[in-house]
Each structure stands twice: as C-alpha cells, then as structure tokens.
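Okay, so here's the structure we're looking at.
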Amino acid sequence: MSGPDSAETERLSEAIDRIVPALEGFNRFQDPDLAGRQRDTWMAALNEPLPACGEGLEPVLQALIEDIIPYGVRIGSPGFSGWVTTAPTTVGVAAALAATVAGAQRYWVQPFNALETVGLRWLAELLGLPGDWFGVLVSGGSVANLVGLGAARQWAFERIGHDPARDGLPPEPRCRIYASSEIHHVVNRSAAVLGLGRRAVASIAVDEHQRIDLDQLCAALEADRSEGILPMALVASAGTVNTGAVDPIEQMAEIASQYDTWLHIDGAYGLFGVLDPRVTPLFCGLERADSAAVDPHKWLAAPLGCGAAYVRDRALLARAFTLEPAEYLEMDSDASRVESAFDHLGDPPYHHFSPEHSAPSRGVRVWAILKEIGAEGMRERVIRHNNFARHIASRVEADGRLELLAEPVLSICCFRYRPPEMEEDQVDDLNAEIAHRLRAAGTYVPSTTRVAGRFAIRPCYINPRTSLADVDGLVDQVLEIGDALTSRG
Ligand SMILES: *Cc1c(COP(=O)(O)O)cnc(C)c1O
C-alpha cells in the first residue's frame with residue numbers, strides 16, 4: 001500500500017517472529033531491572049512528537065525490541081510477590097494473540113463467542129459456584145464488583161417500586177452497603193459510580209483475624225434500620241488483598257437473609273482458595289450469596305483484562321445493565337433465526353449484562369488455561385502457593401528476629417523484621433527501609449501494608465513461575481538487610 005496510510009495488513013508472522021526473541025529474553029528475567037534506572041533513556045526514545053508522516057512497520061518493531069520490551073513490567077519474575085496480578089503463562093499469551101487477531105469482538109456466532117460461555121461455565125464449576133448463576137466476563141475485579149453491586153442496587157430499589165437503571169436514584173430512602181474496613185476500595189468506587197456515593201459504604205471493624213466483626217455488622221444494620229436506611233448489600237471479602245482473610249460467608253448469608261438484603265462476594269483474588277481442601281470450609285455458604293466477583297487475571301494468570309462477575313438472577317442483571325434497543329444494534333435479534341453468523345450477536349448477548357459494549361474475547365483465555373492444566377492443575381497451584389505463605393510463617397516463627405503479623409489463610413504472609421530489643425516506634429521505619437532496599441535490589445519484591453496499624457512486609461504468591469527457593473530467598477534477604485541495618489550482620 002502506498003500513500004500516508006501505510007498500515008501493514010499482512011506480514012504477521014514476520015512481525016511476530018521479530019519480537020518473540022525479545023519477549024523470550026524478557027521472560028527469562030536474567031538482566032537486572034533497569035526500567036527505573038534507565039528511565040531517561042527509554043523515555044527519550046518514546047516521548048516523541050506525533051509523526052505527521054508514518055514511519056512504517058519497521059521502526060515500530062525496532063522500538064518494541066529495543067526501547068520497550070526489555071524495560072517491561074516484571075511482575076511475572078519469579079521473585080516478584082508484590083501485587084495480586086502476575087504475567088500470563090504461555091497458553092494465555094497464545095490465546096490472547098489468537099483473540100486479538102481472530103476474536104476481535106466477542107459478538108456473532110463464532111467460537112470466541114461460544115468460549116465466553118464455556119470459560120464462564122468451567123470457572124463456575126471450578127469454584128463451586130451454582131451452575132445456574134449467570135456470568136459475564138469484564139475487564140477485572142473493579143468492573144466485576146460494579147456489576148454485582150449494580151445488580152444489588154437494581155434488586156433493592158425494585159423492591160420499593162423504583163427502577164434505578166431507568167429513573168436514577170430517588171432522594172429517599174438513603175441506602176447502604178456494608179463491608180469490612182479491609183475491603184478493596186473498588187467497592188467504594190462502585191458505590192460512587194452507582195450514584196450512592198462512597199459514603200454509602202459502611203466500614204465495619206474487623207476481628208483479630210482481619211475478618212468482618214459480625215456483632216458490629218449487626219449493630220450497624222440495626223441502627224440504620226431504625227433510621228429507615230435501606231440495606232442494599234453486604235459485601236464479603238473472600239480473600240482480602242491485605243492479609244488474605246476470608247470473611248465468615250455462611251454467617252453473613254444468614255445475616256443477609258435476616259435483614260432481607262443482598263450478599264455479594266468479592267473473591268477477585270481469593271475465591272480460587274476454595275480449591276485448597278485445608279481452607280475450603282471457609283467458603284461455606286458461597287451458594288447462598290447473590291453475586292460474586294472473581295479475577296481470572298489473578299491466580300489463574302490469565303492475561304490482564306479478565307475478570308468475571310456472576311449473578312444469581314439473570315433477568316435482574318439484564319434490567320440493571322441492558323442497552324436500550326437501537327437501530328445500530330441491528331443483529332441483536334432473536335436467536336432462532338441464525339442463517340449467517342452476522343444474523344445474530346451471539347447467545348447470550350453479553351453486552352446487555354455489564355457496562356461494556358465492544359469488548360475483547362476473554363473466554364478463550366480462561367478456556368485455554370483450564371484446558372491446559374485442568375481443575376487439578378489449578379488446585380495444585382493454589383495449594384503450592386498457600387504452602388509458600390505457610391512456609392514463610394514457619395520460618396518467621398522459628399527466628400527470633402522476625403514476627404508474624406497475620407497467620408496466613410491463603411497465599412499472603414504478613415510479617416516484619418523485629419529483633420526483640422527493638423522499640424516499637426522504630427520498627428515501622430526499619431521495615432520500610434528493608435522493603436525499600438528489597439525493591440532496589442530487585443530480585444525479591446514483595447509489597448507492604450499495615451496489619452492492625454503495624455507496618456508489614458507482604459508477599460502474595462499467585463505467580464506460577466515462583467519456586468520455594470524464591471520464597472526462601474525473600475526471607476533470607478529480609479534477614480540480611482535487617483541485620484545490616486541493625487548492625488547484627
Ligand atoms: C484485585 C482485586 C480487586 C480489583 O480488581 P482489578 O482486577 O484490579 O480491577 C478487587 N477486590 C479484590 C479482593 C482484589 O483482589
């Protein structure tokens with residue numbers, strides 16, 4: 001093609017072949033992490049003015065290989081335990097590439113559309129979610145929680161004769177969402193987006209295991225009831241991002257039915273924990289909930305941009321999120337009349353069940369991963385990672401210089417360096433400095449948090465590339481840095 005629009009529409013294997021060695025090099029994580037230290041170099045190469053005339057494919061590939069891929073985000077490196085997201089495994093990359101090329105929309109009668117449904121079904125079965133709940137794939141836990149709470153809002157207001165999706169919120173009654181102080185803040189943002197306001201989320205204190213305090217929950221519900229406030233939903237964390245604590249789901253289901261309200265489960269990270277028989281009982285009562293969020297792009301290591309929302313009542317979810325009929329949605333018609341793929345948007349029409357219209361095909365990623373490793377493969381991964389957290393806890397218990405801040409439930413272990421003679425007011429600063437030096441060294445990178453006010457080093461294991469040696473490596477390095485800083489080394 002000549003002229004200014006020189007977009008290459010062929011030579012795909014050539015382009016991919018060119019960048020694959022750089023990607024494989026990146027995935028070995030052998031070189032030190034230079035992204036931060038050499039920021040000026042790659043920024044200078046990338047932060048150019050908009051080209052009036054395109055440069056063609058070649059310089060783009062060159063920049064990808066030289067200036068971008070080598071400085072990529074190293075959350076897939078074996079020693080990285082900082083976030084609750086990781087880099088995809090090989091099959092996820094292959095599926096995402098296939099979806100980018102051949103599944104560029106999730107609509108129509110075609111395999112990528114069908115795999116949205118298969119992926120959701122497999123995921124529900126894997127996690128023990130009721131088979132008749134309706135699922136939809138979205139961009140991640142933020143939107144999955146928004147979908148669950150959007151359904152809750154629809155339910156709560158319909159019951160007082162109001163359609164919030166159509167008419168917005170009435171001035172009265174005020175309504176409230178109840179969640180522990182350890183809840184992920186996307187729940188508060190969902191309340192903002194749904195027009196309730198962040199302040200509509202009542203922050204309930206936690207017990208000594210970082211789980212919602214049920215007495216305080218009931219007290220808040222009771223106080224609000226006497227003020228005529230509408231209880232819209234209880235949110236149970238099935239694995240907090242701070243410590244991995246799982247709220248008492250069964251009791252919360254009981255309270256939800258007692259106060260006639262919705263129970264939503266935020267299991268974005270931790271719902272996969274149900275696969276580890278040692279903690280399965282913590283998830284009892286899951287089937288009594290009304291909605292749940294879970295992120296395949298976390299423990300399942302699907303490429304990022306893949307969350308799932310499940311809601312018990314499909315028709316209700318549609319009322320909360322449906323698009324109004326429109327001429328430009330011409331194919332959005334009746335499923336029986338499929339003559340060509342273009343006759344029908346697919347069944348179910350997923351764009352009626354979340355805030356997204358156009359969306360990438362995501363089911364293929366879930367399908368590919370579960371087809372590759374199966375339910376037992378995923379179970380083994382979850383158990384392995386939960387063992388990593390327990391391994392750290394046992395090393396901490398055995399070492400007088402270390403202190404456990406929360407007993408691991410899932411794959412997170414919160415601990416700190418604390419020699420016995422050290423004053424409490426110095427411990428936070430010392431551990432912040434340890435975390436800082438760990439990051440600067442770059443091999444073992446956990447994140448940090450506070451547990452009951454105390455500064456914690458917080459590794460979270462969901463990365464399929466991490467081995468037990470990496471786990472020990474982190475503890476060894478914490479000890480080494482801590483000893484050096486306190487002149488014990
Ligand atoms: C990650 C996470 C979220 C947010 O999900 P994103 O996929 O980052 O949008 C919400 N809740 C919990 C418990 C999480 O772990």
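Just follow the structure's listing: the first ligand is 1, and inside any ligand the first atom is 1.
- Counting only heavy atoms of the protein, atom 13 (C) of ligand 1 lies nearest to Asp266 OD2, 3.3 Å.
- The residue from Leu149, Ile177, Asp290 that alone fulfils the side-chain contact (heavy atoms from CB on, under 4.5 Å) condition with Trp262 is Asp290.
- The shortest contact between atom 14 (C) of ligand 1 and any protein heavy atom is with Lys298 NZ, 2.8 Å.
- For Phe353, the ring-ring contact (aromatic ring centres under 6.0 Å, His included) criterion is met by Phe134, not counting sequence neighbours.
- The closest protein non-hydrogen atom to atom 9 (O) of ligand 1 is Ser142 OG, 2.6 Å.
- Atoms of ligand 1 lying under 4.0 Å from any heavy atom of Val241, numbered from 1 in the order shown and given with element: 14 (C), 15 (O).
- From the protein, the heavy atom lying nearest to atom 5 (O) of ligand 1 is Gly141 CA, 3.1 Å.
- Aromatic pair His385/Phe388: ring centres closer than 6.0 Å.
- Under the 3.5 Å distance criterion, with hydrogens and angles disregarded, no donor-acceptor pair is assigned to the side chains of Tyr269 and Ser237.
- In this structure, Gly239 is part of the shell of residues with a heavy atom less than 4.0 angstrom from ligand 1.
- In terms of the side chain to side chain donor-acceptor pair (under 3.5 Å) criterion, Ser139 has no residue partners (sequence neighbours excluded).
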